[in-house]
Amino acid sequence: MDARLNLFGNPIAAKFLRHINSAGKAVSDSALPAATQELVKIRASQINGCGFCTDMHTKDAAHAGETSVRLNLIAAWREATVFTDAERAALELTEQGTRIADAAGGVTDEAWANAAKYYDEDQLAALVSLIALINAYNRLNVIVQQPAGDYRPGMFG
């Protein structure tokens with residue numbers, strides 16, 4: 001299977017990716033816990049049906065020491081006992097921020113207030129930015145049908 005467009009080989013797409021990767025550095029360098037960042041990326045990617053990002057971020061998380069139990073339960077986080085209350089709040093915000101079109105009011109005040117109980121303003125800024133960023137990556141990869149399965153941790157730098 002080949003992608004419809006080579007995002008890495010096309011000069012315009014490559015330039016765009018450099019810019020959004022640069023924006024992503026602000027999030028990865030933030031005080032938002034790295035494990036939470038990976039959970040958010042995986043959950044949004046699952047919702048969006050982005051195989052490439054789901055593959056990438058589950059492998060990156062496992063490489064960083066995340067357990068297979070937690071990785072396997074991300075899609076069922078509400079029923080799983082392996083996530084902290086803070087992680088649950090981040091996952092709820094991720095789901096609502098990813099499924100904006102599914103809810104007339106967008107992200108609820110309750111979901112926002114719950115996240116604000118666990119994350120300070122800078123962490124919330126990073127969390128919101130990360131949710132927006134992973135949704136952008138998901139959409140790029142889904143539109144071009146980027147194949148999944150061949151990612152190796154660290155292959156992009």
Side-chain angles (χ1 to χ4, degrees), residues 3 7-8 13-14 16-80 82-103 106-108 111-112 114-116 118-157:
L7 294 174
F8 308 106
F16 179 76
L17 286 170
R18 279 194 303 278
H19 285 291
I20 64 171
N21 288 341
S22 179
K25 182 118 172 71
V27 175
S28 62
D29 290 347
S30 75
L32 185 65
T36 301
Q37 291 185 39
E38 290 301 330
L39 294 175
V40 164
K41 290 184 269 190
I42 294 164
R43 186 63 190 127
S45 299
Q46 290 171 334
I47 292 166
N48 289 322
C50 183
F52 184 83
C53 290
T54 301
D55 179 45
M56 173 188 218
H57 297 297
T58 54
K59 287 176 179 175
D60 282 347
H63 184 74
E66 189 59 79
T67 69
S68 60
V69 170
R70 283 172 43 97
L71 290 174
N72 291 332
L73 289 172
I74 292 170
W77 64 268
R78 284 179 179 81
E79 294 81 26
V82 297
F83 302 105
T84 68
D85 288 342
E87 290 168 337
R88 290 173 177 284
L91 288 165
E92 179 65 29
L93 194 64
T94 300
E95 287 193 3
Q96 289 190 22
T98 298
R99 293 184 164 139
I100 291 172
D102 297 343
V107 174
T108 64
W112 181 262
N114 192 35
Y118 301 103
Y119 302 103
D120 65 27
E121 187 173 284
D122 287 346
Q123 291 171 317
L124 283 170
L127 181 57
V128 169
S129 298
L130 179 60
I131 294 166
L133 183 67
I134 192 60
N135 274 278
Y137 281 121
N138 291 164
R139 280 151 177 75
L140 284 167
N141 288 312
V142 169
I143 290 167
V144 303
Q145 294 183 340
Q146 191 69 39
D150 294 332
Y151 177 78
R152 293 174 320 282
M155 72 184 275
F156 293 125

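Just so you know, these numbers come straight off a predicted model, no measurement behind them.
- In terms of heavy-atom proximity, A111 sits nearest to V107 at CB-CG1, 4.3 Å.
- In this structure the side chain of Q96 reaches within 4.5 angstrom of the side chain of E92, judged on heavy atoms.
- Annotation: the span from L140 atom CG to N135 atom CG amounts to 11.0 Å, rounded to 0.5 Å.
- The heavy-atom pair separating V82 from L73 by the smallest distance is CG2-CD1, 4.0 Å.
- Counting heavy atoms from C-beta outward, I74 and Q46 have side chains that approach closer than 4.5 Å.
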Could you list the donor-acceptor pairs under 3.5 angstrom formed by side chains in residues 121-130, with sequence neighbours left out?
from: Q123; atom 1: OE1; to: D120; atom 2: N; distance (Å): 3.0
from: Q123; atom 1: NE2; to: A31; atom 2: O; distance (Å): 3.0
from: S129; atom 1: OG; to: A125; atom 2: O; distance (Å): 2.8

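- A pairwise comparison of heavy atoms in C50 and N141 identifies SG-CB, 3.5 Å as the closest pair.
- The structure places CD1 of I42 at 15.0 Å from CH2 of W77, a figure rounded to the nearest 0.5 Å.
- When all heavy atoms of N114 and A89 are compared, the pair lying nearest together is ND2-CB, 3.5 Å.
- Residues forming a side-chain contact (heavy atoms from CB on, under 4.5 Å) with R152 (at least two apart in sequence, or on another chain): M155.
- With sequence neighbours excluded, the residues forming a side-chain hydrogen bond (donor to acceptor under 3.5 Å, both in side chains) with N138 are S45, N48, listed by chain and number.
- Applying the salt bridge (charged side-chain N to carboxylate O under 4.0 Å, His left out) test to R70 and every residue at least two apart in sequence or in another chain returns E66, E87.
- The two residues F156 and M56 make their nearest non-hydrogen contact at CD1-CE, 3.3 Å.
- Interatomic distance, L93 CG to Y118 OH, rounded to the nearest 0.5 Å: 13.5 Å.
- In terms of heavy-atom proximity, G49 sits nearest to V142 at O-CG2, 3.8 Å.
- No side-chain heavy atom of L39 sits under 4.5 Å from any side-chain heavy atom of T94.
- For residues 26-43, the salt bridge (Lys or Arg N to Asp or Glu O under 4.0 Å) pairs, not counting sequence neighbours, are K25-D29, E38-K41, R43-E95.
- In this structure, the side chains of Q146 and Y137 stay at 4.5 Å or more apart for every pair of heavy atoms.
- Judged by distance alone, the side chain of T54 and the main-chain N or O of G51 form no donor-acceptor pair under 3.5 Å.
- We find the CG-CZ distance between L7 and F52 to be 9.0 Å, quoted to the nearest 0.5 Å.
- We find the CG-OH distance between L32 and Y119 to be 6.0 Å, quoted to the nearest 0.5 Å.
- In terms of the ring pair (Phe, Tyr, Trp, His ring centres under 6.0 Å) criterion, F16 has no residue partners (sequence neighbours excluded).
- For the residue pair Q37/S28, the side-chain donor-acceptor check at 3.5 Å is not satisfied.
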